[in-house]
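Right, one structure below, let's go through it.
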There are 2 protein chains.
Amino acid sequence: MSVMLQASPLSGTKQNAQTVAFWPMIDGGTHRQTGESALAPLQGIGATLRFKRNAAVFSEGDPSSHVYKVVSGAVRTCRVLMDGRRQIADFFLPGDFFGLDWQSEHAFTAEAVSDAVIISYPRAQIETLGDTEPGIRKLLMALLCKGLSETQDHLVMLGRQTAQERLAWFLLTAMKRTSSSAKLDLPMSRLDIADYLGLTIETVSRGISEFKRRRYITVAGAHEITVRNADMLQALASGEIEA
Amino acid sequence: MSVMLQASPLSGTKQNAQTVAFWPMIDGGTHRQTGESALAPLQGIGATLRFKRNAAVFSEGDPSSHVYKVVSGAVRTCRVLMDGRRQIADFFLPGDFFGLDWQSEHAFTAEAVSDAVIISYPRAQIETLGDTEPGIRKLLMALLCKGLSETQDHLVMLGRQTAQERLAWFLLTAMKRTSSSAKLDLPMSRLDIADYLGLTIETVSRGISEFKRRRYITVAGAHEITVRNADMLQALASGEIEA
DNA sequence: CGCAAGTTTGACGTACATCAAGTAGTGTGG
DNA sequence: CCACACTACTTGATGTACGTCAAACTTGCG
């Protein structure tokens with residue numbers, strides 16, 4: 001079982017990629033991906049890695065050698081244009097798989113949003129497993145379909161929604177993902193949210209302040225947001241109601 | 001073999017879904033999707049359908065019962081918000097497969113951009129074929145990955161590019177898709193382009209006029225655009241150069 | 001030919017970006 | 001525990017790219 005696959009490119013400390021899971025946990029609970037039963041075959045081929053905040057799990061252009069699963073913390077996939085503009089494609093929370101965009105090379109960079117523990121599965125083994133295990137195949141298909149579907153929703157949002165609508169959509173999506181409790185603990189910064197929604201940090205901040213004023217949400221410490229009126233956010237996000 | 005699966009919802013004429021392919025053509029040439037060899041198993045399970053311009057192949061919310069392949073003409077997948085705002089997710093040209101977003105229900109509506117001939121394959125049969133034929137499985141996976149990858153590129157464009165950059169990106173993408181000849185015959189209207197790029201029809205038109213002025217392109221009859229300076233378009237699209 | 005649909009061009013408005021201060025939070029060392 | 005610094009977030013003033021409204025022009029089909 002291989003170790004030391006990754007080193008931390010940003011932080012000066014050297015405590016990355018140190019632990020190997022003997023029996024990596026496969027199922028973190030009831031999360032985004034479908035069909036998470038019958039994953040026993042994945043047991044034993046995963047290595048546990050640790051990443052500090054902002055460390056890269058893989059970079060755009062790297063050969064896509066592994067599939068990853070978040071155990072704790074959070075991960076973002078993003079692309080940075082030459083002049084520094086950045087677009088975040090997705091966030092991944094505990095239980096989520098990522099890195100299966102799978103075109104021989106990664107098209108996006110994956111970074112830890114917060115300190116994170118991640119299991120990596122070698123792509124080659126996943127692929128051969130898929131040939132014999134229909135469950136694995138089904139899972140991969142389901143994950144890809146779900147990813148495509150979510151990316152398409154994201155696309156519509158970026159193409160046609162106003163700043164307020166984007167923000168409402170973001171909060172509702174976050175609720176759905178985190179066991180739909182009204183109390184959200186957002187691991188990402190305002191800048192991350194802005195780059196996910198195709199906005200600036202200032203516009204995100206103003207939007208949140210406006211939602212506070214209208215009592216749609218309450219905020220405690222910038223990363224803890226409680227949704228008080230999901231119906232109004234839903235109406236906003238769907239365009240039933242304007243600004 | 002079933003016939004009359006679809007009726008034209010828009011046009012008054014009644015000449016839809018009339019032909020059944022005895023041996024449907026599978027490979028329209030060298031097009032977008034990868035691994036188009038070993039598709040013999042698909043032979044014989046496809047039905048040929050005809051659609052008039054703007055007719056729906058399937059609608060958002062319909063059960064996703066089939067996978068489709070464009071034979072001639074072009075197809076768009078789009079979503080319309082309550083107030084009429086529309087976002088086009090993708091265009092499909094001859095040889096392209098679509099409708100495999102495959103989440104039990106279609107998340108987007110598919111419509112013919114121009115009069116089109118399309119082959120439909122029943123999803124159930126595709127799925128059972130996938131269990132026995134590794135080639136089919138690989139193809140589905142490859143198509144999904146390609147779709148995801150392209151959607152992600154689209155996402156970055158919508159989130160972070162200016163109008164001019166979007167337009168340059170669109171023309172370059174169109175070139176790559178249509179055998180990379182410099183002479184493009186765009187089947188879609190300015191409105192379609194606008195809704196694909198997250199812009200208005202006026203902004204698209206102004207952008208094209210500007211490209212004409214700069215001699216990056218020449219235009220004949222609005223649907224025929226010839227790229228004269230792909231390098232400049234590339235520089236614009238990638239952000240090397242501004243407006 | 002003649003109309004209708006599609007496209008281009010112009011004048012003007014606005015939502016969001018940019019620039020620029022402030023004001024929390026968060027971690028570190030005394 | 002507090003002082004300090006640093007980063008993150010908020011708020012305000014101003015600019016601008018693109019949207020909106022409106023009118024001409026072009027194209028293609030009956």
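As the structure is a computational prediction, the values presented were derived from the model and not from experiment. Note on naming: letters A, B, ... go to the chains in the order of the sequence lines (proteins, then strands), and numbering restarts at 1 for each one.
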Q.
Once you apply a heavy-atom cut-off of 4.0 Å, does Leu199(B) come out as touching a base, just sugar-phosphate, or nothing?
A. sugar-phosphate

Between Leu191(B) and Gly198(A), the residue closer to the 5' end of DNA chain C by nearest nucleotide is Leu191(B)

dist His154(B):NE2 -> Gln87(B):CD (nearest 0.5 Å) comes out at 5.5 Å

Arg160(B) atom CZ is separated from dC16(C) atom P, nearest whole Å, by 13 Å

| query | Taking only N and O in the side chain of Ser189(A), is any of them less than 4.0 Å away from OP1 or OP2 of dA8(D)? | reply | no

Less than 4.0 angstrom between a side-chain N/O of Ser209(A) and OP1 or OP2 of dT11(D), yes or no?
yes

One should read off an interatomic distance between Leu236(A) CG and Thr162(A) OG1, to the nearest 0.5 angstrom, of 7.0 Å

- Any side-chain N or O of Arg190(A) under 4.0 Å from OP1/OP2 of dT10(D)? yes

Rounded to whole Å, the CD-P distance (Gln161(B) to dC18(D)) equals 11 Å

Could you check whether the side chain of Arg206(B) and the base of dT20(D) have a donor-acceptor pair of N or O atoms closer than 3.5 Å, going by distance alone? yes

Look at the side-chain N and O atoms of Thr203(B) and state whether any lies under 4.0 Å from the OP1 or OP2 oxygen of dC18(D).
no

From CD1 of Ile208(B) across to C1' of dC25(D) the rounded distance in Å is 16 Å

field: Under-4.0 Å salt bridge between Arg177(A) and Asp90(A)
entry: yes

To the nearest angstrom, the CD-P distance between Glu165(A) and dA15(C) comes to 12 Å

Note: for Glu202(A) and Arg166(A) on DNA chain C, the residue whose nearest nucleotide lies more 5' is Arg166(A)

Separation of dG10(C) atom P from Glu210(B) atom CD, nearest Å, is 12 Å

At under 4.0 Å, does any side-chain N or O of His223(A) touch on OP1 or OP2 of dC9(D)? yes

Checking dT20(D), dC16(C), dT11(D) against the side chain of Ser205(A) (C-beta onward), the nearest is dT11(D)

Establish, with yes or no, whether the OP1 or OP2 oxygen of dG6(C) is under 4.0 angstrom from a side-chain nitrogen or oxygen of Arg53(B).
yes

note: Leu158(B), atom CG; dC16(C), atom P; distance rounded to Å ~ 15 Å

Next on the checklist: Do Asp195(B) and Arg85(B) make a side-chain contact, defined as non-hydrogen atoms from C-beta onward lying under 4.5 Å apart?
Outcome noted: no

Rounded to whole Å, CD1 of Ile201(A) lies from C1' of dG22(C) at a distance of 15 Å

Whole-Å distance, Asp192(B) CG to dT7(C) C1', equals 14 Å

query = Would one find more than 12 heavy atoms of other residues, nucleotides or ligands at under 6.0 Å from atom CZ of Arg213(B)?
reply = yes

